[in-house]
There are 2 protein chains.
Amino acid sequence: MSVQERKERERAGRERLIVATARELAEQQGWDAVTTRRLAERIEYSQPVLYSHFRGKREIIGAVALQGATEMAAAMRAATSAADGPRARVYALARAYLDFATRNPAVYDALFQLDGGLAYAQEDTPEPLKDAFAALLDCLGEVAGDGVAPGLFTEVFWAALHGVATLTRSGRLPPEETESRVELLVGRLAVV
Amino acid sequence: MSVQERKERERAGRERLIVATARELAEQQGWDAVTTRRLAERIEYSQPVLYSHFRGKREIIGAVALQGATEMAAAMRAATSAADGPRARVYALARAYLDFATRNPAVYDALFQLDGGLAYAQEDTPEPLKDAFAALLDCLGEVAGDGVAPGLFTEVFWAALHGVATLTRSGRLPPEETESRVELLVGRLAVV
DNA sequence: GATTCGATCCTAGCAGTGCTAGACATGAGA
DNA sequence: TCTCATGTCTAGCACTGCTAGGATCGAATC
């Protein structure tokens, strides 16, 4: 059985290599540059090997998205746990969110702009995505205010952050005033 | 000179046809289906004709975006002018915005998601885009509150609407509660 | 140790994409 | 009527995601 186990290990390792390489290439040159040929060349295998791991390019994007969701959730939890009081936590959360989007634009795209074939906001939503939303919810639920469902409040706050992140990165909002926007957003939306 | 004038008229007409056809095709089957071949076939000309009007597909997307910006600005102005009081106007604006995004998803994408080669938030920003932002500003400037720059407030409110619009349409937010989200957004952000 | 045979991988190719060079026709002005 | 510029099309380039089918390699059997 050890032969088969070794093969499975190698296979799993190659799959990680594919995801890591796709992510790296996407961060370096954008998702448009992530073609199956270039990706295959970088991992030093032929194109069809990719298809023995993933159904297609979409699933590769999805795999990067799941990896990113886990990291993003961790980043947000780390940021909020280091802050004192609900308001400070919300600030830390918002900054961590936008910071992650700025530092990992390709991963952010895989998560929230591209089609990675993942289910969102449903029962069969993958655990990493649920956990990332939970990280938002844990912090934002504190400041939803009376009579407002924490889930709904989280969705709205998240949507606002997402809007700021995407419009800024696509050059539709000048990046200089991001800090002021966050202050306005937190100041008005959060109830302390 | 009348011959030349006639030719220019015909040329302008054909350009309108290209833009209208691209928009129609995009609304029917999505922007991925708008290929230069299909577009050329629909307007009953060969592909290179497209390139005598536009530098490439990107510019065609940009042309659709400009057309859409004009319509969107008009829709928002019509909605706000029919409402009484600042708060009612903001509600009407938000609903008109999301309504436009829902009814014209391809145009909305051309405006705010795809790259149409247009300059945003700059001096050389095309007039229709400036006007659409002005339509937002005219309404939202009323409820920015003391000490908050109307421009900044408008950007933040716009970003929130954009987030709700895009996350909902890509299936990342359940569409049922859009109305509650708008109420929360207006209730907390607008100062009356 | 030789031989089968299945898993694994690669070469080559399909139908499609955006875009363009160069041949061709058409019609306005001399 | 002839010339020639303008406008249009055919054909092709280099690329895309994806796949069929042949070659190869190594594990298990005799």
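Each chain gets a letter, A, B and so on, in the order its sequence line appears, and its residues count up from 1.
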#### Entry: Sidechain N-carboxylate O distance under 4.0 Å for R77(A), D131(A)
yes

### Query
For residues 29-44 of chain B, which residues have at least one heavy atom under 4.0 Å from DNA chain C?
V34(B), T35(B), T36(B), R37(B), R38(B)

### Query
Nearest-Å distance, OH (Y45(A)) to P (dT8(C))?
12 Å

### Task
Nearest whole angstrom, please: distance from the C1' of dT10(D) to the CG of L50(B).
15 Å

### Task
Please report, rounded to the nearest Å, how far the P atom of dG21(D) is from the OH atom of Y51(A).
18 Å

### Message
Looking at E71(A) and R23(A), is any side-chain nitrogen of the basic one under 4.0 Å from a carboxylate oxygen of the acidic one?
### Response
yes

### Query
Starting at CD of E10(A) and ending at P of dA7(C), how long is that distance when rounded to a whole Å?
17 Å

### Query
Is there a donor-acceptor contact under 3.5 Å from the side chain of D99(B) to the main chain of R95(B)?
no

### P86(A): side chain to side chain contact (heavy atoms under 4.5 Å, CB included) partners, not counting sequence neighbours
R89(A), E142(A), V143(A), V192(A)

### Query
Is the distance between the ring centroids of F153(A) and W158(A) under 6.0 Å?
no

### Message
By nearest atom, which of the nucleotides dC9(C), dT20(C), dT8(D) is closest to the R14(A) side chain?
### Response
dC9(C)

### Query
With no hydrogens and no angle check, is any side-chain donor or acceptor of W31(A) less than 3.5 Å from a backbone partner on D109(A)?
no

#### Entry: Axial cation check for Y108(A) ring with R169(A), 6.0 Å and 45° limits
no

### Query
Does E41(B) use its side chain to pair, donor to acceptor, with the backbone of R37(B) at less than 3.5 Å?
no

### Query
Going by modelled atom types, is there a donor-acceptor pair between the base of dC10(C) and the side chain of Q47(A) at under 3.5 Å?
no

## Note on the structure
What residues 52-64 of chain A contributes to the DNA chain C interface at heavy-atom separation below 4.0 Å is none

